There are 2 protein chains.
Amino acid sequence: MAVTISDVAHAAGVSKGAVSYALNNQPGVSDATRGRILQVAKELGWKPSLRAKGLSSAKAYALGLVVARDPKLLGTDPFFPAFIAGIETTLAEHDYTLVLSVATAPGAEERAYRKLADGGRVDGVILTDVRHNDSRIGLLRELKLPAVTLNRPDSDSPFPAVSMDDTDGITAAVEHLLALGHVRIGHVGGAQEYIHGRSRRRAWEAAMAAAGLAADLFAEADFTAPGGVAATAELLRRPDRPTAIVYANDLMATSGQSFAQSQGLSVPGDLSITGYDNAEFTQYLNPPLTTIATDPMRWGRVAAQALLDQLNGTHSGEDTDLQAPSLLVRASTGPAPSTTTKPAP
Amino acid sequence: MAVTISDVAHAAGVSKGAVSYALNNQPGVSDATRGRILQVAKELGWKPSLRAKGLSSAKAYALGLVVARDPKLLGTDPFFPAFIAGIETTLAEHDYTLVLSVATAPGAEERAYRKLADGGRVDGVILTDVRHNDSRIGLLRELKLPAVTLNRPDSDSPFPAVSMDDTDGITAAVEHLLALGHVRIGHVGGAQEYIHGRSRRRAWEAAMAAAGLAADLFAEADFTAPGGVAATAELLRRPDRPTAIVYANDLMATSGQSFAQSQGLSVPGDLSITGYDNAEFTQYLNPPLTTIATDPMRWGRVAAQALLDQLNGTHSGEDTDLQAPSLLVRASTGPAPSTTTKPAP
DNA sequence: TTGAAAGCGCTAACAG
DNA sequence: CTGTTAGCGCTTTCAA
């Protein structure tokens, strides 16, 4: 904090204002003086104080992200690290930083948003894990905090969304299983409170309907490993038990697969399984998991850019659609058991 | 940003100074006026501007964390999410926030630290993944950025450390395997550039030496899944191949186990395996992984507190030692194959 | 105990 | 095109 704008101004024989203009590439100084000022600034090793800059320009130069997941779940989900890395990619070019808040305890989430908004710690936030009728969009409105949402909320939202449709991935998974001769294809869904929990379920239903099949083998879970076990157990207990299960995420697929095997079922001999996310460990499972690969890093990059554009006033106001995820076929899916799907003679 | 300290001062019929004192619980105002001021402030809904506060007090009210890992690795490592959640637990009580930086590209790490330091964006940083002769401690010194390190660096460091010794965990793993009759116990180490890569290796060596055995079945890897496969392949290729392998983390253990099985080896029949970290998915592997459970959340909590204390001038200056991790025995470890360890007649 | 006033380092409106 | 100057909202010193 040694050298300030005044020092530079003195040394260059100009006013503070001139230095400010020179620094920010704004008109108001001749190229000659601008060059001289920049030169002097460099010699003196001047680093403009973010705090002073923020105070006068009423900006925080920071974006906020509040993550409200159980740390356990967080630790296994490959989404956030990659997503955050993507955000950083964008911020690295923009003199902005990321303020991260992990809200574990109930009620901590709203407090976290207030904390970010109150003192003006961030200029905007990225909203992830959007929920059905998400109360946070009202909150952000109240706090007058600009935002971008990941996928479009199902309630009215004034914020631009950056979306990656789950439909195609799930559809591809179901079609892959149909092609393998499966007819009784179940779905272990994530918490239906989340819109991505809902959309994945709907995509499964639609794909089944398109094949003229009933979408009745559904069990709701919560994206956690124990939840996956319980839901799998429920489906396998049914008389018309499925020969294939499409899971809403990798963690549930992993624990579901493990459970099925512990019950003496062979995967994929008796039961085919698909996940969602392409967590790295899934390729080391036994058998390796067929799953759906998304691109969270790109999602983060684009979402951060959208938010910056919005703050900057250069955002079109329209939603952004990212490329849909794609199916990754591995060994956890195979032909339907012949006892159940008798080929035509 | 509507209501400011002046508004409150006016409304309460006092000066700005008085409001400041009242807010910060400092002497200089009578209890009566203090009460009145606080009352008025609440009525007006005044939120002190962090930016203004920061400018005059020369503080950022933020801590920094730079994570320099491959996003892929990050996504599978349960450490950071829990660690960050721990940091938040502490910060939640202290009006501080966390600025997170993910540095992926080479060279990005140093830039990230400079970015945090230069404008005065953070008041201090937490240094994780400490390396052998870590250049960052010199950098932080140059930047005059207060810090706390996770484990004590092996080079001279002026920063207090918060440590969790790996020794006990690895020792417990080796002793567990010895008790099962194993003699040829190998170690797949993490990158030896990291001090935790080194200390885990040394712990394995020490435990072997203590049992009067040679510690020669070592293969260095890099904490990644492919690395684990390669190192495992190397060990299994040896004529005196191990009957048990202690891995430096869960991801390598997972991919190593998967590889061994793909080679026709049974786990734990032919080969016993232990991991490190207790990632959640490890209990759903086939077989579930014997591993070492650490407490990253607590680590984060304590580290953040230590840093705050240091900024506050109330830090003792001594290192903090956390409880050592503990061994979690699951099904990936079993008795040594009888063909190799012939029991005494 | 209280109030006034001088910064903190920068931006931006204004006058020259 | 350039320089001056008045804030931004808070802290803190100094008189009263």
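Bear in mind that the values here come from a model prediction, so they are computed numbers and not experimental data. Chain identifiers are assigned alphabetically (A, B, ...) following the order of the sequence lines, protein sequences preceding nucleic acid strands; residue numbering begins at 1 within each chain.
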Enquirer: What nucleic acid atoms does B:Gly28 come within less than 4.0 Å of, heavy atoms only: base, sugar-phosphate, or nothing?
Expert: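 Base, at least one base heavy atom under 4.0 Å.
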Enquirer: Rounding to a whole Å, what distance do you find between A:Leu55:CG and C:dA12:P?
Expert: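 In whole Å, C:dA12 P and A:Leu55 CG are 12 Å from each other.
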Enquirer: Show which side-chain atoms of residues 303-314 of chain A pair as donor or acceptor with protein atoms under 3.5 Å away, not counting sequence neighbours.
Expert:
residue, atom, partner, partner atom, Å
A:Gln305, NE2, A:Asp309, OD1, 3.0
A:Thr314, OG1, A:Asp309, O, 3.4

Enquirer: Test of understanding: with ring-ring contact (aromatic ring centres under 6.0 Å, His included), list the residues that count as partners of A:Tyr194, not counting sequence neighbours.
Expert: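 Scan of A:Tyr194 (ring-ring contact (aromatic ring centres under 6.0 Å, His included), adjacent residues dropped) gives A:His196.
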Enquirer: Holding to side-chain hydrogen bond (donor to acceptor under 3.5 Å, both in side chains), I want the full list of residues that pass it with A:Asp129, two or more places apart in sequence or in another chain.
Expert: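 Scan of A:Asp129 (side-chain hydrogen bond (donor to acceptor under 3.5 Å, both in side chains), adjacent residues dropped) gives A:Arg69.
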Enquirer: Determine which pairs satisfy side chain to side chain donor-acceptor pair (under 3.5 Å) with at least one residue from residues 78-93 of chain A, sequence neighbours left out, and list them in order.
Expert: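 Side chain to side chain donor-acceptor pair (under 3.5 Å) check on residues 78-93 of chain A returns no pairs.
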Enquirer: To the nearest 10°, give me the bend of the helix from C:dT1-D:dA16 to C:dG16-D:dC1, comparing the axes of its five terminal pairs at either end.
Expert: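 So the angle between the two local helix axes works out to 50°.
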Enquirer: Under 3.5 Å between N/O atoms: give me all the protein pairs with nucleotides 11-14 of chain D, atom names plus distance.
Expert:
residue, atom, partner, partner atom, Å
D:dT11, OP1, B:Asn24, ND2, 3.2
D:dT11, OP2, B:Ser20, OG, 2.7
D:dT11, O4', B:Ser56, OG, 3.2
D:dT13, O4, B:Tyr21, OH, 3.3

Enquirer: Tell me the interatomic distance from B:Arg121, atom CZ, to C:dC10, atom C1', rounded to whole angstroms.
Expert: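 Computing the B:Arg121:CZ to C:dC10:C1' distance gives 15 Å.
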Enquirer: Within the 4.0 Å heavy-atom criterion, would you say B:Pro27 contacts the bases, only the backbone, or no part of the nucleic acid?
Expert: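 No contact.
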Enquirer: Scan residues 37-63 of chain B for pairs that pass ring pair (Phe, Tyr, Trp, His ring centres under 6.0 Å), counting only residues two or more places apart or in two chains.
Expert: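 Sorted result for residues 37-63 of chain B: B:Tyr61-B:Tyr96.
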Enquirer: Going by atom type alone, with no hydrogens or angles, which donor-acceptor pairs under 3.5 Å involve a side-chain atom of residues 14-25 of chain A and a protein atom two or more places apart or on another chain?
Expert:
residue, atom, partner, partner atom, Å
A:Ser15, OG, A:Gly17, N, 3.4
A:Ser15, OG, A:Ala18, N, 3.3
A:Asn24, ND2, A:Ser20, O, 3.0

Enquirer: Atom CG of B:Asp7 and atom P of D:dC10: how far apart are they, to the nearest Å?
Expert: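 So the CG-P distance, B:Asp7 to D:dC10, works out to 9 Å.
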Enquirer: Just grab all the salt bridge (Lys or Arg N to Asp or Glu O under 4.0 Å) pairs involving residues 136-154 of chain B, residues at least two apart or on different chains.
Expert: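 Passing the test, one end in residues 136-154 of chain B: B:Glu109-B:Arg136, B:Arg114-B:Glu142, B:Asp134-B:Arg136, B:Arg152-B:Asp319.
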Enquirer: Quickly work out the A:Asp118 CG to D:dG9 C1' distance and round it to whole Å.
Expert: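 Spelled out: CG on A:Asp118 to C1' on D:dG9 is 16 Å.
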Enquirer: Kindly check if the number of other-residue, nucleotide or ligand heavy atoms within 6.0 Å of CD (A:Glu193) is above 12?
Expert: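 Result for CD/A:Glu193: enclosed.
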Enquirer: Quick check on C:dT2: is either OP1 or OP2 less than 4.0 Å from any side-chain nitrogen or oxygen of B:Thr33?
Expert: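 Answer is yes, contact under 4.0 Å.
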